[in-house]
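Report on one structure; see the data block that follows.
Both counts, for ligands and for their atoms, begin at 1 and track the order of listing.
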Amino acid sequence: MARRKMIYEGKAKIIYEGTEPGTIVQYFKDDATAFNAQKKDVIEGKGVLNNRLSEYFMTGLNQIGVPTHFIKRLNMREQLCRQVEIVPLEVIVRNYAAGTMSKRLGIDEGTQLPRPIVEYCLKDDSLGDPLVTEEHIAAFGWASQQDMEDILSLALRVNDFMSGVMMAVGIRLVDFKIEIGRVYDGDFQRLIVADEISPDSCRLWDIETGQKLDKDVFRRDLGSLTDAYTEVAKRLGVMPKTSTPITKPTLIN
Ligand code: C5P
């Protein structure tokens with residue numbers, strides 16, 4: 001049997017060539033990194049949970065007409081996706097102040113923002129993904145004016161969807177990051193949501209207790225990351241409420 005071709009290995013995922021032209025396979029690793037990979041660990045079961053959770057969110061988005069790269073989950077750690085050209089921006093949507101926004105602007109974490117605020121960072125690990133303005137994006141040609149309108153619309157639709165889904169299970173969507181991919185249909189090109197949406201890329205706080213259920217648990221040493229992600233998965237019904245811990249992989253299909 002021919003060995004499949006690896007296209008790219010990132011911090012939390014490996015991308016392989018897909019079975020059909022124009023597709024890729026996204027493999028979710030257990031590796032956790034923070035602070036531009038200065039902090040690293042392997043968290044058993046994280047990849048399985050993120051594969052499942054990203055499937056759940058991307059499927060929901062596809063169903064409400066927000067286009068994503070997700071085609072189908074293949075197994076516990078892999079999903080088949082459309083191949084895209086990644087726009088070199090990290091698109092962050094914030095509903096409450098936290099993280100770098102709180103640090104940068106001196107706003108207490110948890111302060112509700114007057115409206116969702118969208119920020120753009122250049123995707124460049126060697127520079128630490130710096131915050132950039134639309135002026136930079138236009139001047140350096142990272143995305144066109146039309147792209148930026150489409151990206152803003154996608155980001156806000158994802159925010160509405162994710163906020164609602166989370167609110168329904170008692171979780172506050174504080175902020176999140178998405179990546180955008182460009183696909184070509186004949187002479188036309190359009191932008192779709194790519195990469196992953198998971199507790200690695202969102203801030204999720206329990207509405208009642210404020211307990212953090214996202215990657216800040218790892219960044220700030222607040223306990224078990226697997227327990228936090230499992231809690232999100234259980235509340236969403238992505239995993240049966242009674243299932244044994246994720247570290248027993250045979251129970252998750
Ligand atoms: O670190 P910061 O506060 O700017 O992060 C905002 C949101 O974007 C958080 O939910 C964080 O998990 C996510 N993010 C990400 N990948 C990055 C930077 C931020 O998923 N490289």
With heavy atoms of [X] as the reference, note each atom of ligand 1 found under 4.0 Å away.
{"X": "Gly99", "result": "3 (O)"}
{"X": "Cys202", "result": "10 (O)"}
{"X": "Asp129", "result": "21 (N)"}
{"X": "Asp200", "result": "12 (O), 20 (O)"}
{"X": "Arg203", "result": "1 (O), 2 (P), 3 (O), 5 (O), 6 (C), 9 (C), 10 (O)"}

Which residue holds the protein heavy atom closest to [atom], what is that atom called, and what is the gap in Å?
{"atom": "atom 4 (O) of ligand 1", "answer": "Thr100 OG1, 2.5 Å"}
{"atom": "atom 7 (C) of ligand 1", "answer": "Asp175 OD1, 3.4 Å"}
{"atom": "atom 13 (C) of ligand 1", "answer": "Lys177 CB, 3.6 Å"}
{"atom": "atom 19 (C) of ligand 1", "answer": "Ile92 CD1, 4.3 Å"}

Any side-chain donor near an acceptor of the partner, [X] and [Y], under 3.5 Å:
{"X": "Asp185", "Y": "Gln189", "answer": "no"}
{"X": "Asp227", "Y": "Thr230", "answer": "no"}
{"X": "Arg94", "Y": "Thr100", "answer": "yes"}
{"X": "Tyr184", "Y": "Glu85", "answer": "yes"}

[X] near ligand 1, heavy-atom distance under 4.0 Å?
{"X": "Asp216", "answer": "no"}
{"X": "Lys103", "answer": "no"}
{"X": "Glu90", "answer": "yes"}
{"X": "Arg219", "answer": "yes"}

Is it true that [X] and [Y] make a salt bridge, defined as a side-chain N closer than 4.0 Å to a carboxylate O?
{"X": "Asp129", "Y": "Lys123", "answer": "no"}
{"X": "Arg172", "Y": "Asp206", "answer": "no"}
{"X": "Asp216", "Y": "Arg220", "answer": "yes"}
{"X": "Lys13", "Y": "Asp31", "answer": "no"}

(request) Would you mind telling me which of Asn51, Asp200, Asp30 makes a side chain to side chain donor-acceptor pair (under 3.5 Å) with Lys46? (result)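 Exactly one option meets the side chain to side chain donor-acceptor pair (under 3.5 Å) with Lys46, and it is Asp200.
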
(request) Heavy-atom distances under 4.0 Å are what count here, so tell me which part of Lys215 touches ligand 1: side chain, backbone, both or neither. (result)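 None of Lys215 does.
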
